[in-house]
Amino acid sequence: MIPIPVDAVPASSLNFDLYFERERGAAPVLYRKRWHPLEQADLERLLKRGVQTLYVPSVDQEAFREQMFEEVCQDETVSPERRYKVLRDVNRVVFDMAFRGRESEDLMSLLSSLAPQLAFVICREDLVVRDLFSLMEHDSGIYTHCVNVAVYCLILAAALGMTDMAELEELAMGALLHDIGKRHVQLAGTKQMSGLTRQQREQLQRHPTVGFQELVLRDQYTWAQLMVVYQHHERIDGQGSPVGSVEHEIHPWARICAIADVFHSITSDNAVRAPLTIEQALNVIDQQAGASFDREIAKCWNTKVWKKTSSRKS
Amino acid sequence: MLEHESVEKNELAEIVNRLRCEIELPPALEDFFDFEGILPTTADERRRFARMDLRSFGALEYRQTFPVLPRSSCWHRIYTKDLSRGGLCFLHSEQLFPMEQMHVILPAETVKTVLPRCERMIIEIRRCQRRGPRCYEIGACFISSFRDLAAEIASAS
């Protein structure tokens with residue numbers, strides 16, 4: 001069963017069954033059969049009863065994700081922030097299951113539909129990153145990390161002048177895939193580097209190489225996407241890994257992803273340290289510009305992206 | 001030029017030495033050719049075979065391995081660093097990527113002590129680290145010898 005927050009469900013005739021927990025912790029029972037109209041008043045009644053979550057059977061996951069995108073994410077009357085939140089929530093469980101799966105096919109298939117949807121929702125004139133930040137989750141989970149990094153990459157690339165939607169979708173896919181090499185690291189029960197065995201630490205450090213190896217023989221990925229995966233831990237000063245490439249030897253998309261990756265990591269919950277505020281994190285990016293990060297891209301991130309304020313009327 | 005089954009070993013070395021070398025040794029590697037002998041192992045060593053220093057020259061032929069990375073078949077002179085029965089470490093002027101497969105020819109006499117039967121091998125790149133602007137240290141494993149390949153082709157046909 002795929003959980004979905006009640007407030008993310010559109011009042012509509014849905015093409016998938018909905019289940020709910022009659023009592024907290026009980027097995028979900030059928031709430032609404034597919035095609036049976038669901039009204040806003042029904043959803044409000046559920047919330048009033050304290051029901052926060054509905055469930056969709058796993059067999060319906062594709063129809064569910066498709067309809068949620070069409071009904072909510074493509075609806076111009078819905079705010080960009082809410083569209084982002086729904087898109088994020090409907091894909092979470094499927095992503096987590098696919099990421100843990102033995103074969104990568106399910107994950108690749110999910111990401112190939114999520115990437116263009118994310119680009120569609122995020123790359124808009126009226127989206128303000130500070131508004132979005134308050135809605136974004138900041139946990140250290142792999143799904144949150146991949147989606148947030150992809151969101152930041154899209155926003156940064158657009159601010160740098162990338163306007164071609166096909167290119168933005170391609171970048172989103174690369175960013176969603178950037179940590180795919182971590183699929184092979186067994187980290188159960190450990191959330192901090194100090195708690196890892198030497199073997200786990202080595203595996204973790206090798207994740208860009210492992211991710212690259214997993215994707216490079218497939219013909220659906222571009223070199224730019226592969227470089228996002230392989231080079232996102234390289235540093236402009238050559239002190240990064242796995243190669244120690246410098247400056248323009250690092251693909252521009254990997255330079256974008258490096259900033260997005262670090263920004264999300266330092267602003268997210270972590271067992272070792274408290275998350276930094278936006279301002280503190282921007283200071284870190286500024287201090288590392290020219291060493292870890294491309295100076296021009298870092299400047300664009302700190303000024304153009306984060307200084308933008310809303311022009312919408314509330 | 002390097003189809004060499006009948007070419008004598010010293011002729012092969014001459015051919016390899018005539019290849020243009022584009023590697024720029026950084027200051028830290030100026031004494032690169034001064035080492036020789038068996039390399040020490042460490043407590044956490046996971047290599048299957050002992051490595052021998054092999055500060056010499058070799059030839060590398062690019063092969064098209066990945067659909068998205070065009071490689072034209074051409075020869076490059078490389079500096080070999082060390083060698084074992086399982087693989088090779090060498091310096092090259094360009095970055096190579098994990099899983100790329102290439103041909104390598106090792107004409108040095110000392111190679112015989114480690115690989116007595118073959119000097120032309122197919123390698124698969126395992127790691128690549130930048131040591132300078134035109135200098136990458138590359139670790140590769142042997143996946144097939146030229147003789148093995150000939151046998152494979154013969155048995156398949």
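What you see is a predicted model; the values in this text were computed from it and never measured.
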- Query: Among B:R130, B:Q129, B:R131, B:M99, which residue forms the greatest number of heavy-atom pairs with chain A at distances under 4.5 Å?
  - Reply: B:R130
- Message: For B:R71 versus B:F97, what's the shortest heavy-atom pair and its separation?
- Response: NH2-CD1, 4.0 Å
- Item | Engaged part of A:T209 at the chain B interface, taking heavy atoms whose separation is under 4.5 Å | side chain
- Task: Would you please classify the geometry between the A:F212 ring and the A:Y230 ring as parallel, tilted or perpendicular, with 30° and 60° separating the classes?
- Result: tilted
- Message: Whether the side chain of A:E234 engages the backbone of A:V243 through a donor-acceptor N/O pair (distance < 3.5 Å, no angle test) should be reported.
- Response: yes
- Query: Parallel under 30°, tilted from 30 to 60°, perpendicular over 60°: which one fits the rings of B:F57 and B:F33?
  - Reply: tilted
- At a heavy-atom separation under 4.5 Å, does A:Y221 approach chain B through its side chain, its backbone, both, or neither? backbone
- Going through the checks in order, is the salt bridge (Lys or Arg N to Asp or Glu O under 4.0 Å) test met by B:E137 and B:R127? CA-CA 8 Å; B:E137 184 177 313; B:R127 62 173 183 87; 3.4 Å; yes
- Note on the structure: Answer key: most heavy-atom pairs under 4.5 Å with chain B among A:D219, A:V246, A:L226, A:V216 is A:V216
- Can you say whether B:Q95 sits under 4.5 Å from chain A via the side chain, the backbone, both, or neither, judging by heavy atoms? side chain
